[in-house]
Amino acid sequence: ISFNAVDSALSSLKNCQSYINSGMDVATQVALDLVESFNDEEDVNNMEKVMLEYATMDRELNHYIKAFEETINQVKREKPENLPDLENLAQEKFLEMESKNSDSDLQRNEKYMYFKDQLKEMKKQYHGNDTVEEIDEDIAVTRSQMNFICPITQMTMKRPVRNKVCGHSYEEDAILEMIQTQKQKKKSVRCPKMGCSHVDVKGSDLVPDEALKRVIDSQNKQ
């Protein structure tokens with residue numbers, strides 16, 4: 001049995017996933033723009049709704065791809081004399097997966113989690129002082145500038161990445177070089193931020209800290 005047509009269709013579906021991912025990236029940037037320009041909270045909330053719609057599409061697409069892949073593997077294993085109705089079989093598997101859907105699936109979508117995380121950081125950077133008691137302005141500026149310094153290079157970060165595990169940020173090249181050097185020695189990397197107890201920094205735990213980069217760039221322009 002040839003599955004070339006099905007494989008081609010699955011390949012097209014996987015391409016659709018890349019469009020969904022791009023859409024989520026754009027929605028994240030727009031939401032950060034809105035916070036940066038002090039737009040209405042309602043506008044930011046609307047971007048969150050867009051992210052959840054994308055996450056729903058992503059889940060549905062994942063289920064559809066998985067249903068077809070499982071169906072094909074099943075047919076390849078069982079090698080029936082007559083080719084069954086692949087579409088019906090896949091549809092049954094798809095509906096079974098969809099019946100187990102819950103809102104928590106969407107909350108766990110990696111791009112959505114990144115969106116929430118960066119939004120929180122952005123609000124903290126731009127609106128943080130609204131909620132705390134008034135402190136000396138010079139002290140506030142000094143504190144925020146300390147967050148701009150990479151704990152490895154001791155210089156202002158240009159491309160900060162944040163550790164999803166402990167929440168600390170570093171210059172991207174510096175932390176990746178440190179991980180690579182220690183890997184060659186078969187050692188793990190302790191978080192270089194003073195006082196942090198996280199002892200196994202991995203490259204896969206690092207995400208671009210877009211919120212911090214925007215604040216640093218904005219500070220540099222002033």
Side-chain angles (χ1 to χ4, degrees), residues 1-34 43-122 159 161-167 172 175-176 179-180 183 200-211:
I1 302 167
S2 171
F3 292 100
N4 289 346
V6 181
D7 289 340
S8 171
L10 282 174
S11 178
S12 297
L13 285 176
K14 286 174 183 173
N15 280 340
C16 289
Q17 275 182 311
S18 68
Y19 296 132
I20 290 173
N21 285 336
S22 299
M24 292 180 99
D25 289 341
V26 170
T28 301
Q29 295 295 330
V30 170
L32 296 180
D33 284 343
L34 291 170
D43 293 336
V44 178
N45 291 341
N46 284 337
M47 292 319 297
E48 184 169 353
K49 286 175 192 165
V50 169
M51 287 297 285
L52 287 169
E53 283 171 20
Y54 272 126
T56 306
M57 283 192 279
D58 188 55
R59 178 179 64 188
E60 192 173 322
L61 198 52
N62 277 327
H63 285 168
Y64 207 71
I65 290 169
K66 195 175 174 189
F68 259 101
E69 285 176 340
E70 283 182 8
T71 301
I72 292 165
N73 290 334
Q74 182 184 333
V75 172
K76 283 178 179 174
R77 266 195 322 272
E78 295 170 2
K79 296 177 182 166
E81 285 182 27
N82 298 314
L83 183 63
D85 187 331
L86 293 178
E87 195 172 340
N88 267 348
L89 276 175
Q91 186 70 6
E92 279 173 26
K93 288 182 190 292
F94 170 73
L95 291 173
E96 187 189 343
M97 289 178 200
E98 286 284 294
S99 69
K100 295 172 186 166
N101 284 349
S102 73
D103 288 347
S104 60
D105 300 339
L106 305 180
Q107 310 287 336
R108 286 196 300 270
N109 177 286
E110 201 168 318
K111 293 263 184 193
Y112 177 74
M113 285 164 66
Y114 178 71
F115 169 88
K116 291 290 283 181
D117 173 68
Q118 287 292 292
L119 210 52
K120 188 177 95 179
E121 287 303 305
M122 197 74 173
R159 284 198 305 181
V161 288
R162 202 149 71 82
N163 192 326
K164 290 190 286 187
V165 179
C166 64
E172 184 177 25
I175 189 66
L176 290 178
I179 291 170
Q180 188 57 35
K183 190 178 176 184
D200 190 13
V201 179
K202 295 187 177 77
S204 57
D205 291 331
L206 304 174
V207 292
D209 198 338
E210 178 66 27

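Note on Lys49 versus Glu53: no salt bridge recorded, every NZ/NE/NH1/NH2 to OD/OE distance being 4.0 Å or above. Remark: Arg59 engages Asp105 in a salt bridge, criterion side-chain N to carboxylate O under 4.0 Å.
Residue Asp117 holds its CG atom at 12.0 Å from CD of Glu210, rounded to the nearest 0.5 Å. Once rounded to the nearest 0.5 Å, the distance linking CG of Asp103 with CG of Leu52 reads 8.5 Å. With rounding to the nearest 0.5 angstrom, the CG atom of Asp33 is 9.5 Å from the CE atom of Met47.
Under a 3.5 Å cut-off, the side chain of Gln118 and the backbone N or O of Ala211 do form a donor-acceptor pair.
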Inset, instruction - Give the C-alpha distance, both sets of side-chain angles, the deciding distance and a yes or no for side chain to side chain contact (heavy atoms under 4.5 Å, CB included) between Val165 and Asp200. - result: CA-CA 9 Å; Val165 179; Asp200 190 13; over 6 Å; no
Inset, instruction - Evaluate side chain to side chain contact (heavy atoms under 4.5 Å, CB included) for Ile65 paired with Gln17, printing each intermediate quantity in order. - result: CA-CA 10 Å; Ile65 290 169; Gln17 275 182 311; 3.7 Å; yes
Inset, instruction - For the pair Lys202 and Asn163, evaluate side chain to side chain contact (heavy atoms under 4.5 Å, CB included) and give the outcome as yes or no after the intermediate values. - result: CA-CA 8 Å; Lys202 295 187 177 77; Asn163 192 326; over 6 Å; no
Legend entry - Test log, rule side chain to side chain contact (heavy atoms under 4.5 Å, CB included), inputs Lys93 and Thr71: CA-CA 8 Å; Lys93 288 182 190 292; Thr71 301; 3.5 Å; yes
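The number of heavy-atom neighbours closer than 6.0 Å to CG of Asn73, taken from other residues, nucleotides and ligands shown, is above 12. For Glu98, the CD atom is densely surrounded, since the number of other residues' heavy atoms within 6.0 Å is greater than 12.
Donor-acceptor pairing under 3.5 Å is recorded for the side chains of Tyr112 and Glu48. Residues Lys116 and Gln107 bring no donor and acceptor atom of their side chains to less than 3.5 Å of each other. Between the side chains of Asn88 and Gln91, no donor-acceptor pair of N or O atoms lies under 3.5 Å. Between the side chains of Asn101 and Glu60, not a single donor N or O lies within less than 3.5 Å of an accepting N or O.
Annotation for Met51 and Ala27: closest pair SD-CB, 3.6 Å, computed over non-hydrogen atoms. The shortest non-hydrogen separation linking Met122 to Leu32 is CE-O, 3.6 Å. The minimum heavy-atom distance linking Leu119 with Ala31 is given by the pair CD1-CB, 3.9 Å. Ala67 and Ala90 make their closest contact through CB-O, 3.4 Å (heavy atoms, listed as atom of the first residue, atom of the second, distance).
Inter-residue side-chain proximity for Met97 and Tyr64 is flagged as unmet; no heavy-atom pair is nearer than 4.5 Å. Here the side chains of Val161 and Val207 are not in contact, with every heavy-atom distance at 4.5 Å or above. Gln74 places none of its side-chain heavy atoms less than 4.5 Å from the side chain of Glu70. Side-chain contact between Asn109 and Met24 is present, with at least one heavy-atom pair separated by less than 4.5 Å. Contact of the Leu176 side chain with the Leu206 side chain is registered, since non-hydrogen atoms from C-beta on lie closer than 4.5 Å. Counting heavy atoms from C-beta on, the side chains of Glu96 and Lys100 come closer than 4.5 Å. Residues Thr28 and Lys111 form no side-chain contact, since every pair of their non-hydrogen atoms from C-beta on lies 4.5 Å or further apart. Counting heavy atoms from C-beta on, the side chains of Glu121 and Arg162 come closer than 4.5 Å.
Listed by first and then second residue, the salt bridge (Lys or Arg N to Asp or Glu O under 4.0 Å) pairs that reach into residues 6-24 are Lys14-Glu69, sequence neighbours excluded.
The residue from Asn62, Thr56, Leu61 that alone fulfils the side-chain contact (heavy atoms from CB on, under 4.5 Å) condition with Ile20 is Leu61.
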